[in-house]
Amino acid sequence: MVGFVPTMGALHEGHLSLVRRCVKDNDVCVVSVFVNPTQFNDKHDLETYPRTLEADCSLLESAGCDFVFAPSVEEMYPEPDTRVFDFGTVSRVMEGAKRPGHFNGVAQVVSKLFYIVEPDNAYFGEKDFQQIAVIRAMVKQLNLPVTINACPIVREADGLALSSRNTRLTPEQRQKAPLIARTLRESATFVPEKSVREVIDYVVNTINSDPVMRVEYYEIVDGNTLEAIENWSDTDYPVGCVTVYCGDVRLIDNIKY
């Protein structure tokens, strides 16, 4: 069995938890390190995305990874990838609405990587909750013989979800950022007594009360379809998904209610 963990590098404990799970489940573990330009709709974000290949390879070796695939942009895109995917609601809401073309770029690169590596299993972190839904839709649409495994969010001791972007936070911003996870945790204690709208308002207002933070969106959705819900009875799998600017660093998180 071949297991595969696609990454954009700047690896942290969240990535390594995926690698260790991959090693445990499979005979061979492959990890890709590639900052994919087609999924960035913000040129500055692409340029400032951390690149630490040497350190990444060292961490991957210690985690038991067998092969690292670190292609150049020219190798992955010898010619422009003009494929346009349509996954319906899962790719149009939330991140899909705020970052036009992002999920099309994700589908382009992940499908290419699946064709190259031919894994039996692939592993993704649940911090990117919507991305997993998009990749599952892509696998189904392209009829790819790979099982998508979603793995739990790994957090710092203070609750902040691990992210390569955390390295861009200033000391003050890093101190404030755990407010995101703390607020999501607190909001879960209101369910189902408070309405969906009240919980959304609580999360947005609490995070926005810190001048360093700005909520881009907070939506409570059906965890399978990603359609926004109005009442708790609309689904038996409600998930709250949030994106917050901490200074100019864009952080995402989610919680299952």
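The residues of the chain are indexed from 1 along the displayed sequence.
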Ring pair (Phe, Tyr, Trp, His ring centres under 6.0 Å) with [X]: which residues, sequence neighbours excluded?
X: Phe114; answer: none
X: Tyr202; answer: Phe190
X: Phe34; answer: none

Contact between [X] and [Y] at the side-chain level, heavy atoms closer than 4.5 Å - yes or no?
X: Val31; Y: Thr7; value: yes
X: Pro37; Y: Val73; value: yes
X: Arg21; Y: Asn149; value: yes
X: Ile132; Y: Glu126; value: yes
X: Phe40; Y: Tyr49; value: yes
X: His15; Y: Val5; value: no
X: Asn104; Y: Thr38; value: no
X: Val35; Y: Arg51; value: yes

Check the surroundings of atom CD in Glu54: do more than 12 heavy atoms from other residues, nucleotides or ligands lie under 6.0 Å from it?
no

Inspect the surroundings of CD in Glu61 and state if more than 12 heavy atoms from other residues, nucleotides or ligands are less than 6.0 Å away.
no

Is the distance between the ring centroids of Phe103 and Phe85 under 6.0 Å?
no

Please assess Phe124 against Ile135 for the test side chain to side chain contact (heavy atoms under 4.5 Å, CB included), listing each intermediate value before the final yes or no.
CA-CA 10 Å; Phe124 296 86; Ile135 288 167; 3.3 Å; yes

Minimum heavy-atom separation for [X] to [Y], with atom names?
X: Leu53; Y: Ala70; answer: CD1-CB, 4.0 Å
X: Val93; Y: Gln130; answer: O-NE2, 2.8 Å
X: Gln173; Y: Val249; answer: OE1-CG2, 4.5 Å
X: Asp253; Y: Ile153; answer: OD1-CD1, 3.7 Å
X: Ser187; Y: Val203; answer: CB-CG2, 3.6 Å
X: Leu251; Y: Asn166; answer: CD2-OD1, 3.5 Å

Working note: Val19 + Tyr123, criterion side chain to side chain contact (heavy atoms under 4.5 Å, CB included); need CA distance, chi angles, decisive distance, verdict.
CA-CA 8 Å; Val19 174; Tyr123 298 84; over 6 Å; no

With side chain to side chain donor-acceptor pair (under 3.5 Å) as the test, pick out the partner of Asp158 among Gln175, Arg182, Arg174.
Arg174

Flag yes if [X] and [Y] sit in one hydrophobic cluster, no otherwise; membership is Ile, Leu, Val, Met, Phe, Trp, Tyr, and two members link when side-chain heavy atoms are under 4.5 Å apart.
X: Val221; Y: Val90; result: yes
X: Val154; Y: Ile180; result: no
X: Leu226; Y: Val134; result: yes
X: Val117; Y: Val109; result: yes
X: Tyr257; Y: Ile200; result: yes

Starting from the C-alpha separation in whole Å, work towards a yes-or-no answer on salt bridge (charged side-chain N to carboxylate O under 4.0 Å, His left out) for Glu216 and Lys98.
CA-CA 9 Å; Glu216 184 176 33; Lys98 297 295 183 185; 5.1 Å; no

Using only atom types and a distance under 3.5 Å, with no angle test, would you say the side chain of [X] pairs donor to acceptor with the backbone of [Y]?
X: Asp210; Y: Leu179; result: no
X: Asp27; Y: Met1; result: yes
X: Thr52; Y: Ala55; result: no
X: Gln131; Y: Asp128; result: no
X: Asp56; Y: Gly9; result: no
X: His102; Y: Gln39; result: yes
X: Lys112; Y: Met76; result: yes

Please determine whether a side-chain nitrogen of the Lys or Arg among Arg214 and Asp248 lies less than 4.0 Å from a carboxylate oxygen of the Asp or Glu.
no

What's the spacing between [X] [atom1] and [Y] [atom2] if we round to 0.5 Å?
X: His12; Y: Ser164; atom1: NE2; atom2: OG; result: 4.0 Å
X: Leu113; Y: Gln108; atom1: CG; atom2: CD; result: 11.5 Å
X: Thr89; Y: Glu227; atom1: OG1; atom2: CD; result: 4.5 Å
X: Thr206; Y: Tyr218; atom1: OG1; atom2: OH; result: 11.0 Å
X: Ile252; Y: Arg165; atom1: CD1; atom2: CZ; result: 8.0 Å

Check step by step if side chain to side chain contact (heavy atoms under 4.5 Å, CB included) holds for Val199 and Ile220.
CA-CA 9 Å; Val199 172; Ile220 299 178; 3.9 Å; yes

Would you check if there is a donor-acceptor pair between the side chains of [Y] and [X] at a distance under 3.5 Å?
X: Tyr77; Y: Asn36; answer: yes
X: Asn26; Y: Asn121; answer: yes
X: Arg83; Y: Ser111; answer: yes

Which atom pairs, donor and acceptor, lie under 3.5 Å between side-chain atoms of residues 136-147 and protein residues at least two apart or in another chain?
from	atom 1	to	atom 2	distance (Å)
Arg136	NH2	Ile148	O	3.2
Gln141	NE2	Asp86	O	3.0

Less than 3.5 Å apart, which donor and acceptor atoms pair up between the side chains of residues 234-244 and the rest of the protein, not counting sequence neighbours?
from	atom 1	to	atom 2	distance (Å)
Asp234	OD2	Glu230	N	2.9
Asp234	OD2	Asn231	N	3.0
Thr235	OG1	Asp222	OD2	2.9
Thr235	OG1	Tyr237	N	2.9
Thr243	OG1	Glu95	OE2	3.0
Thr243	OG1	Tyr217	OH	3.1

Who are the salt bridge (charged side-chain N to carboxylate O under 4.0 Å, His left out) partners of Lys194, not counting sequence neighbours?
none

Dump the intermediate steps for side chain to side chain contact (heavy atoms under 4.5 Å, CB included) on Phe69 and Ile116, then the final yes or no.
CA-CA 10 Å; Phe69 179 49; Ile116 292 165; 4.1 Å; yes

